[in-house]
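Only heavy atoms go into these numbers, but all of them, side chains included; no hydrogens, no water, no symmetry mates. On a predicted model such as this, the values are computed, not experimentally measured, just so you know. Reminder, nothing fancy here: chain letters follow the sequence lines and each chain counts from 1.
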Amino acid sequence: MANNINKIDELFANYKKAGKTAFIPFISIGDPDIETSFDIAKALISNGADMIELGYPFSDPMADGKVIQKSYERALKNRVTMADAFNFVARLREISEIPVIFFTYYNPIFAYRTSEFADSASAAGIDGVLVVDLPPEESFELKQFIDKKNIDQIFLLAPTSDVSRIKLITSYAKGFVYYVSVTGVTGARRSLPAEMRSKVEEIKNIKDIPVGIGFGISSPEQAEEIKNYADAIIIGSKIIQFIENNLNDKKNIIKSISEFSCGIKSSLM
Amino acid sequence: MKYPDSRGHFGEYGGRYISETLMPAILELEEFYKKIKNNKEFKDELRSYLKNYAGRPTPLYYASRLSKLYSSNIYLKREDLNHTGSHKLNNTLGQALLAVKMGKKRIIAETGAGQHGVATATVCALFDIECEVFMGIKDIERQKQNVLRMEVLGAKVTPVSAGSSTLKDAMNEAIRDWITNVRTTYYMIGTAAGMHPYPEIVRDFQSVIGKEVLKELKQIDKFPDILIACIGGGSNAIGLFHPFLKYKEVKMYGVEAGGFGLGTGKHAASISGGKPGVLHGNKTYLLQDEDGRIKEAHSIAAGLDYPGVGPEHSFYADKKRIIYDTITDKEAIEAFKLLCRLEGIIPAIESSHAVAYLDKIKNEIKGKTVIVNLSGRGDKDMETIAGYISENKITK
C-alpha cells in the first residue's frame, strides 16, 4: 500500500482548498484503561476530530507537564504494551478512516526494534509518527524504515527555532510541522505568546507546508484565533483533564470530552 | 579516531535525543565550548580556581596498610580532599566559567547524593548566579546534610516526587525546567552523560584527575597496572581513565552498583545488567523492561542510584577496553569499614564500591601497582551507614 497517498497529506490538501483548520485531539492509549480510551477515541471521532494523536505511555516523559505525566502513569499501571497500541489502532481502523498520529519517546520504539516498529505501525494503519526526543539530527534511524512504509515523520518546531533550524526541519518534515506554542512542556495555558502568529508566518515563508499548533491550547476562543493562520490545532492536556477529573465516572468522561470536542470543532468552522 | 565524533556519538552511543526546543541551546553550548576549550585565558583561569579555590592537585596517597593486606602497591587518588568533598567540583567550576562567559544568569542542576548539588551551589555562590537544584524526595531523606549545605550556600532545593523519587526523576524535572527557561538558564549536568556535548564537557573537566595521577606517578617513577573507579553516570571514572586510554597495558575496572545483587533485579548496574536504549538525551546502556520503560535502580549509594550510564562507558564496554563489574551494597559497606580502620579515611559509599573491588580481584593485583579513585568523602553517609549497621545487625 506504499503507493497510496498518505491520509495526513490528503487531509491537509483538501483542507487547504476548503480553507479549513483541522482539529487534532491527543489522548494516551490506556488512560484510564484501554477500553475507555478506545471509547474516548470513538467519541472524539464522532464529535469533530479531524485526525487523532495517540500517546504511547513512557516512564520518563521529559517534555510533558503534570497532566500528561499522570495520564502516562495511569496507562502504565494498566501495562499497555506496543502490541496493545497496534491492536488499538487496528480496531480504530475497522470503524474509521481518520488519520492517526502515533506520539511517543524514542526508547519504546528502539526497544521494540525500529524496523519492526515500522512494519507493525504500517500494518495497524498508523499514518504519522511523532517522536518528541528525535530531532532531525537523530531521526535517520527511524526515517529509513517508516519512509518505506509511507508513514509521515512529524517534526517539532519551537519558539527557540531560528531560521537555520526552520530550514533544516522543514526540509525533513512530512505531513505537517508541529509548532510548539511555548517554551515549555505540555499543559493547558490561559494565555499564549503573541509571537505565535509571526512564527507560523516565518515558517510558511520558508516552506509552504501545513503548520499545526500545540502545547498550551485549551479553549474554543484560542482555537478561533489560531484558525486564522494555522492549518491545525492540537489539544492534549485539556482533554486529559476531563479524564483526571472524572476517574470514577466513565460516562461523564465521554460526555465532557464529546462536548468539549464539539465546542472546539464549531469554533474552527 | 577521536570520540565523540562531530555528531556527538561514541560509536553507536551518545547523540542528542532531545526535544527541538532545546536544540538551539545545545548547539550554542557546543559551539561556545569548541571555541573556548583551548583558549589559553580560559584554561589559565580554570587552573587558577582549581589550585587556589578547590585545593588541587589532590594527593596520590600510598595506602601502605591496604597495600600490605593485598600484597600490592595501592594508591588512592584523594578526590575526597577536593573542596566540597568530592570530584564534582572539578566539573562545576569548569561549567560555571562557561555559563558566566555565555552570559547566563541562572543555573539549574539535578543531584542524587547531593554532591553535585553542593558543588553547583558552591560555584553559583562564588560567581553570583541564581541556583536551583532538583532532588528526589528519597534522596533528600537520605542525604539531609547535603540539602542543608546547598541551602546555606544560597541554592533553592526543589523536591521531586515523581517516579522513583531519585536521580533519574530529578533529571527529568531539570530537563522540564530547562525546556521552559532555556533562554536564560544554563543546565549544569553533573555526570558524563546526557545529550551531546555534556558527556564530552564533563569528561574533559574531570580528566584533571587522570592527568594529575600521571604527573604524580612520574615524580615517583611509577606507572600503574590497574585503575579502579566506581560508576554511577561515570564522571569520576572517565576522569581517571580517559588520560590512560592510550596506554594499552593499563587495565581499567569500572565498578557498578550491584545493590542487593544482579540476580535480584535490585541494582544500579546499567552495563552489567541492562541493555542499550535512549534516555535523557543519549543512547547508552539502561535498566529497562522489555517494553522500553525505564526501571528503578537500587543502590545504597545515592550517587550511583541511576538507571543509566555515560555513553563513553557504553562504548568502551562493547570494545572491552574497560571492564565493568559490580559490587553489592554489603560488599561496599565492608570496604567502607576496612578503609576507615586501616587508613583512617572515611570514604563515600559510592567510592567504597571501588575500594571493595580490590578484594574481588585480590589474586590479580598481587605485586601490581593499582590506583583507586577515592571520588568522595563519607561524612554525608554517616546516617545511611548507621541505619545499615543496625538494620543488618552487623558490627561497626
Novice: Do Gln288(B) and Asn107(A) have side-chain heavy atoms sitting under 4.5 Å apart?
Specialist: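 When only atoms from C-beta onward are counted, Asn107(A) and Gln288(B) do touch, with a gap below 4.5 Å.
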Novice: Identify which part of His9(B) has an atom lying under 4.5 Å from any heavy atom of chain A, answering side chain, backbone, both or neither.
Specialist: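 The answer is the side chain of His9(B).
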Novice: Can you find a heavy atom in the side chain of Met82(A) that is under 4.5 Å from one in the side chain of Glu290(B)?
Specialist: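 The answer is no; the side chains never approach within 4.5 Å.
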Novice: Backbone N or O of Glu138(A) within a donor-acceptor pair of the Arg16(B) side chain at under 3.5 Å?
Specialist: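 No, the answer is negative, given that no donor and acceptor are paired below the 3.5 Å cut-off.
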Novice: Can you tell which part of Ile169(A) gets under 4.5 Å to a heavy atom of chain B, answering side chain, backbone, both or neither?
Specialist: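 Just the side chain, heavy atoms under 4.5 Å.
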Novice: Hey, which of Pro159(A), Pro108(A), Pro135(A), Ala63(A) has the most heavy atom pairs under 4.5 Å with chain B?
Specialist: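 Winner by heavy-atom pair count: Pro135(A).
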Novice: Pair Leu134(A), Val278(B) - check side chain to side chain contact (heavy atoms under 4.5 Å, CB included), show working.
Specialist: CA-CA 10 Å; Leu134(A) 214 55; Val278(B) 172; over 6 Å; no
Novice: In the structure I gave you, are the side-chain heavy atoms of Ser19(B) and Met62(A) within less than 4.5 Å of one another anywhere?
Specialist: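 In short, these two side chains do not touch, never coming nearer than 4.5 Å.
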Novice: Check whether any side-chain heavy atom of Asp60(A) lies under 4.5 Å from a side-chain heavy atom of Ile294(B), and answer yes or no.
Specialist: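 Asp60(A) vs Ile294(B): side chains touch.
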Novice: Counting N and O atoms only, with roles assigned by atom type, does the side chain of Asp291(B) sit under 3.5 Å from a partner on the main chain of Thr81(A), one being a donor and the other an acceptor?
Specialist: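 Not at all, since once roles are kept as given, no pair shorter than 3.5 Å links the two residues.
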Novice: With only heavy atoms counted, which part of Tyr178(A) is less than 4.5 Å from chain B, the side chain, the backbone, both or neither?
Specialist: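 Neither part, no heavy atoms under 4.5 Å.
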Novice: What part of Lys283(B) gets within 4.5 angstrom of chain A, counting heavy atoms only: side chain, backbone, both, or neither?
Specialist: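 Contact with chain A involves the side chain of Lys283(B) alone.
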Novice: Considering only NZ, NE, NH1 and NH2 on the basic side and carboxylate oxygens on the acidic side, decide whether Arg7(B) and Glu137(A) come within less than 4.0 Å.
Specialist: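 Looking at Arg7(B) and Glu137(A), the cut-off is not met.
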Novice: Could you walk me through whether Arg79(A) and Arg293(B) satisfy the side chain to side chain contact (heavy atoms under 4.5 Å, CB included) test, starting with their C-alpha distance in whole Å, then the side-chain angles of each, then the deciding distance to 0.1 Å, before giving a yes or no?
Specialist: CA-CA 10 Å; Arg79(A) 300 183 169 276; Arg293(B) 275 75 179 243; over 6 Å; no
Novice: Run the side chain to side chain contact (heavy atoms under 4.5 Å, CB included) check on Phe58(A) and Leu279(B) step by step: do they pass?
Specialist: CA-CA 11 Å; Phe58(A) 182 50; Leu279(B) 179 71; 4.3 Å; yes
Novice: Identify which part of Lys70(A) has an atom lying under 4.5 Å from any heavy atom of chain B, answering side chain, backbone, both or neither.
Specialist: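 Contact with chain B is absent: no heavy atom of Lys70(A) under 4.5 Å.
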Novice: Measure Pro136(A) against the heavy atoms of chain B and call it side chain, backbone, both or neither at under 4.5 Å.
Specialist: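 Side chain of Pro136(A) only, per the 4.5 Å heavy-atom cut-off to chain B.
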Novice: What closest approach, in Å, do Pro61(A) and Arg176(B) show between heavy atoms, and which atom pair accounts for it?
Specialist: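 Heavy atoms only, the tightest pair is O-NH2, 2.8 Å.
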Novice: In this structure, which one of Ile179(B), Thr21(B), Leu22(B) forms a side chain to side chain contact (heavy atoms under 4.5 Å, CB included) with Thr160(A)?
Specialist: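 The passing option is Thr21(B).
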Novice: Heavy-atom pairs under 4.5 Å with chain B: which of Ser59(A), Ala111(A), Ala158(A) has the most?
Specialist: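 Highest number of pairs under 4.5 Å: Ser59(A).
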Novice: So which part of Phe110(A) gets closer than 4.5 Å to some heavy atom of chain B, the side chain, the backbone, both or neither?
Specialist: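 Only the side chain of Phe110(A) comes within 4.5 Å of chain B.
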